[in-house]
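Reviewing the structure listed below.
In each ligand, atom 1 is the first atom listed, and ligand 1 is the first ligand listed. Start at 1 with the first residue, then count along the sequence.
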Amino acid sequence: MLGEQKICFSGVQPSGNLTIGNYLGAIRNFATFSEAYKCFYCVVDQHAITVRQTPADLRRRTYETLALYMACGLDPEKNTLYVQSHVPAHAELSWILNCYTMFGELSRMTQFKDKSSKHADNVNAGLFTYPVLMASDILLYQTDVVPVGIDQKQHVELCRNIAERFNQVFPDTFTVPEPIIPQNGKKIMSLADPTKKMSKSDENQNAIVYILDDRDTIIRKFRRAVTDSDTAVRFAEGKDGINNLMTIYSCFTGKNMDEIEREFAGKGYGDFKLAVGEVTADALAPVQARYKELLADKAGLEAQMKRGAEEAAYYARKTLSKVQKKLGFVQIR
Ligand code: ATP
Ligand code: LTN
């Protein structure tokens, strides 16, 4: 809470091209909080460097992610949109919270285990303390709710533990946040291996549908999606591929599983896959058109970055000063 207003915070890494998993699990839902909450949506570039990035790509993707936020309906007048590295308080609070986070807690994070096995040649300390920086992002703004896909639930729970631990020593410092996980779309699976999360860092391009893929590419990728040897479109245990396609179709059309089963009764997987591709392409077309316009105006994006960072820094400073005072750091301002 900031005064009377409830706060919403979330972030996306500019670490690759964004997928329909990022869209359905997170970004699409962000705009729904704008009326009832004061919202901060951050492009978390400092998180992205926990795995190696090419500087030119990181720079370009930072602009792209901000443009995509706006193209997905986030009005910069109603939401604070900014880049993490522009607000130094994130890194400052992160150091402090490192000292209130246990080695054992961080060792249990499944994302750390996954990423350290994927990047075995670069298991750096930043990858390990990644959830502490994420906790700092959230706690700096006295956040009440954090909309994320289910893979981030464990990190938000750790953030709650850190906040509670700190509050026990220094009462009333942080609001303890709640994760908000969408009912539908919380975990979109890979089209090539539907037992795995669709991830923007997957090497297999056929596994992923990007928000910015063109219509033909989207339809082709869905046509190739791995399914099973059954023929009926029905949501059932063990039919991971079809379940995933039905979830995507449901997210884009608002239809429930029964309605989808009825709609495709007597039809085969081929017809269904084509329909999933078409509704996805139709839904993404306006986002793509708006994105192109926004990205063409680099100066406009930079002005937004500046405005967003100034606004975020104002709130972040308040929490950081309170924390520093409580800890016993000498204030010289
Ligand atoms: P990487 O694959 O590089 O680890 P990521 O896509 O998992 O990246 P982010 O870009 O930081 O990570 O994720 C942004 C948001 O998108 C988070 O809230 C995350 O939970 C959500 N998200 C990511 N992938 C999916 C998915 N397949 N289904 C639903 N939500 C997802
Ligand atoms: N770790 C998140 C991105 C992220 C985030 C946050 C999400 C960084 N800071 C704060 C919500 C709140 C991920 O999706 N990989």
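- For the pair Leu18/Val12, a side-chain contact is recorded, criterion being any heavy-atom separation below 4.5 Å from C-beta on.
- Protein residues are said to neighbour a ligand when one of their heavy atoms lies under 4.0 Å from it; for ligand 1 these are Val12, Gln13, Ser15, Gly21, Asn22, Gly25, Ala26, Lys115, Val148, Gly149, Asp151, Gln152, Gly185, Lys186, Lys187, Ile188, Lys197, Met198, Ser199, Lys200, Ser201.
- Ring-plane geometry between Phe112 and Phe128 is classed as perpendicular, the angle between the planes exceeding 60 degrees on a 0 to 90 degree scale with a lower cut at 30.
- Taking a cutoff of 4.0 Å between a charged side-chain nitrogen and a carboxylate oxygen, Lys273 and Glu278 do not qualify as a salt bridge.
- Proximity of the aromatic rings of Tyr141 and Tyr315 is defined here by a centroid distance below 6.0 angstrom, and this criterion is not met.
- Remark: aromatic rings of Tyr249 and Phe272 are close, center separation under 6.0 Å.
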Show me a pair-per-line table, with atom names and distances to 0.1 Å, of protein N or O atoms that are under 3.5 Å from an N or O of ligand 2.
residue: ligand 2; atom: 1 (N); partner: Tyr130; partner atom: OH; Å: 2.6
residue: ligand 2; atom: 1 (N); partner: Gln152; partner atom: OE1; Å: 3.0
residue: ligand 2; atom: 9 (N); partner: Asp137; partner atom: OD2; Å: 2.7
residue: ligand 2; atom: 15 (N); partner: Gln13; partner atom: NE2; Å: 3.3
residue: ligand 2; atom: 15 (N); partner: Tyr130; partner atom: OH; Å: 2.9
residue: ligand 2; atom: 15 (N); partner: Gln152; partner atom: NE2; Å: 3.2

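- Cluster membership for Val43 and Ile211, using ILVMFWY side-chain heavy atoms within less than 4.5 angstrom, is shared.
- No more than 12 heavy atoms of other residues, nucleotides or ligands sit less than 6.0 Å from atom NZ of Lys153.
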* To do: Take Asp240 and Thr195 through the side chain to side chain donor-acceptor pair (under 3.5 Å) test and state the conclusion after the steps.
  => CA-CA 7 Å; Asp240 298 323; Thr195 61; 5.8 Å; no
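- Salt-bridge formation is detected for the pair Arg290/Glu293: a Lys NZ or Arg NE/NH1/NH2 atom is positioned less than 4.0 Å from an Asp or Glu carboxylate oxygen.
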